[in-house]
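Labels below follow one simple rule: chain letters A, B, ... track the order of the sequence lines, proteins then strands, and each chain is numbered from 1.
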Amino acid sequence: MIYNTEEELLEKARAAEGSTFGDLDKKGRLSNSRSKGGLGQIIEESYFGYKVNSNAEPDFKELGIELKVTPFKKNTKGKITAKERLVLNIINYMKEVDYTFDTSSFWNKNSKLLLMFYQWLPGVDRSDFKVTKSILFTFPESDLQIIKKDWETIVNKVRDGKAHELSEGDTNYLGACTKGANKSSLREQPFSEELAMQRAFSLKQSYMTSLVRKFIKNEELVSIAKSEELIKKSFEEILYDRFNPYIGLTVREIAQKQGIEYNQKAKSFIPLMISSLLGIKGTKLNDIEEFSKANIQFKTIRLEPNNRPRESMSFKNINFNQWFTESWEESEIRETFMSTKFLFVIFKYKETGKQNSERELYFEGLKLWNMPMRTIDKEVKEVWQETKRLVGEEVKIEYKKRGNTLIETNNFPKKDFNGVAHIRPKGRNGKDKVNLPNGQIVTKQCFWLNNNYIAEVLDGNK
DNA sequence: GCATGATCATGC
DNA sequence: GCATGATCATGC
């Protein structure tokens, strides 16, 4: 079947809305458990009737349209999110470096996408998943500007002979995700002897989430940069430009200039300050288009006069059962550091020896950062691995007197373990306990990035 | 001075 | 009620 116009193709795709994959699978691929193929292949072969291929051209090449079948799900709060990143074409490191964005393999194949969204449900047989929505998607101009920069970031890294150091967190919307069963999926690269993991261009999960929310729930985000501005500057430059005039001021002064109430204890102050300086006062940071699509999470850093944070940086509490059952490759912590870009909002105290509440806090600037792949797969993995080992075997828990209270000590990785991260308690009171896979009970624990490591990151060394 | 453990306060 | 960000307190 040849589709002569976009309308014809879209009509066919829309006719699938409401159908289950079982309904659409006329060749019985789903019922044959040995036939692996994804749901996308069933749609390609059985519904649109063309042979599955791995050509460089789009699936419907006369129309320049690439077909993608992609899942969404509901998160624990009941909101819909993309279930995964959208994996596009594999990057041929040897060839891609000779292209410009306009001649790139990414743009050649994926400039127009026919997206068919289906809802993934836990525990439900995949033949019962339903196609919810089919749309013809072209990139909005402002997204395209960011994606162009992303493509250049990826390709420049290959040009620098660093294909083996690529990481999804390097970029904003368009990522280079690993594609291949395991570490044996290695490929050659043009400017280094080192073999690199096979990777594919992909639209990040956070970007896909914005699409499902927009097209299925009609939810819109608030953007901070217009496409005309993005043609001249990168998103990062725009961000720094917005904040630079305030560097060196105290938070009190910034609050006054922006007409917002300064309350040291309010957890909402920093997000309010950020949205205010971005010109969209009061917008939740998760509703800022560029932050949400690129999965940018902010973290506050308070430096001491010696330019080192006194405190390490905490993340969410550890789910030990999850750590114990997951493999490293699929672990949540690895995924988090690979896919999250951090926006460090940096402040500094200029006095020492006083309580924080009595010290003036100065705005020092911003830093966008994502953890390098080598650190994720070495130091973070080491901490994860050692912790996993201990909670499976035995944690050495001791109770000691400190003043009048009994404190609980453990032998989880400490700050001197490898210089990057450590495990440390974080509870609300002495009763905040958690069960370990081995049956022991300990105070709730959290993953921390060492304050010294953060200081090195800020110095640009990591 | 710093590492480590404890716990407060806010906000959902 | 709980998770999280933030900060405090002790003792080596």
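Note: CG (A:Asn410) to C1' (B:dA6) measures 13 Å, nearest angstrom. At whole-Å resolution of the value, CG in A:Asn451 and P in B:dG1 are 15 Å apart. Distance A:Leu449 CG to B:dA3 C1': 16 Å, rounded to the nearest Å. The distance from atom CD of A:Glu311 to atom P of B:dT7 is 16 Å, rounded to the nearest whole Å. Separating the CG atom of A:Asn319 from the C1' atom of C:dC2 is a distance of 15 Å, rounded to the nearest angstrom. Counting to the nearest Å, the P atom of C:dT10 and the CZ atom of A:Arg310 are 13 Å from each other. Across the protein-nucleic acid pair, A:Gln445 atom CD and B:dT4 atom P stand 12 Å apart, rounded to whole Å. B:dT7 atom C1' lies 14 Å from atom CD of A:Glu408, rounded to whole Å.
Between the side chain of A:Lys426 and the base of C:dT4, no donor-acceptor pair of N or O atoms lies under 3.5 Å. With hydrogens and angles ignored, a donor-acceptor pair under 3.5 angstrom links the side chain of A:Arg424 to the base of B:dG5.
The side chain of A:Arg402 has B:dT4 as its nearest neighbour among B:dT4, C:dT4, C:dT7. Out of B:dA6, C:dT7, B:dA9, the shortest distance to the side chain of A:Ile407 is found at B:dA6.
Comparing A:Gly403 and A:Lys354 by the nucleotide of DNA chain C whose heavy atom lies nearest to each, the residue mapping closer to the 5' end is A:Lys354. Mapping A:Gly427 and A:Arg308 onto DNA chain B by nearest heavy atom places A:Arg308 closer to the 5' end of the strand. Between A:Asn317 and A:Ser357, it is A:Asn317 whose nearest contact on DNA chain C lies nearer the 5' terminus. Mapping A:Asn411 and A:Ser268 onto DNA chain B by nearest heavy atom places A:Asn411 closer to the 5' end of the strand.
Here A:Lys414 reaches the OP1 or OP2 of B:dG5: one of its side-chain N or O atoms lies under 4.0 Å away. Phosphate proximity of C:dT7 to A:Asn356: present, with a side-chain N or O under 4.0 Å from OP1 or OP2. Remark: A:Thr300 is in phosphate contact with C:dA6, judged by side-chain N or O atoms under 4.0 Å from OP1 or OP2. A close approach under 4.0 Å does occur between a side-chain nitrogen or oxygen of A:Lys415 and OP1 or OP2 of B:dA3. Proximity of A:Arg302 to the phosphate of C:dA6: a side-chain N or O atom is located under 4.0 Å from OP1 or OP2. For the OP1/OP2 pair of C:dT7 and a distance below 4.0 Å, the side-chain nitrogens and oxygens of A:Gln355 include no atom meeting the criterion.
Near DNA chain C, meaning a heavy atom under 4.0 Å away, there are no residues from residues 358-368 of chain A.
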>> As a quick check of understanding, evaluate ring-ring contact (aromatic ring centres under 6.0 Å, His included) for A:Phe315 and A:Phe337, giving each step before the final call.
In response: CA-CA 11 Å; A:Phe315 292 79; A:Phe337 283 112; 5.3 Å; yes
> For A:Phe363 and A:Tyr246, what are the C-alpha separation, side-chain angles and deciding distance, and is it a ring-ring contact (aromatic ring centres under 6.0 Å, His included)?
Replying inline: CA-CA 7 Å; A:Phe363 178 55; A:Tyr246 297 87; 7.7 Å; no
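A salt bridge links A:Glu408 to A:Lys433: one of the charged nitrogens lies within less than 4.0 Å of a carboxylate oxygen.
Both the sub-6.0 Å distance and the 45° axial angle are satisfied by A:Lys350 relative to the ring of A:Tyr362. For the pair A:Lys148 and A:Phe106, the cation does not sit on the ring face, since its NZ or CZ is not both under 6.0 Å from the ring centre and inside 45° of the axis.
Among the atoms of the strands shown, none is found under 4.0 Å from any heavy atom of A:Asp432. Residue A:Lys265 is classed as a sugar-phosphate contact, given heavy-atom separations below 4.0 Å to backbone atoms only.
The closest side-chain donor-acceptor pair between A:Asn307 and A:Lys348 falls under 3.5 angstrom. Side-chain contact of A:Ser227 with A:Glu141: a donor-acceptor pair under 3.5 Å is absent, judged by distance alone.
In this structure, the ring of A:Phe412 has its center less than 6.0 angstrom from the ring center of A:Phe320.
A distance of 4.5 Å separates CE in A:Met208 from CG in A:Leu86, rounded to the nearest 0.5 Å.
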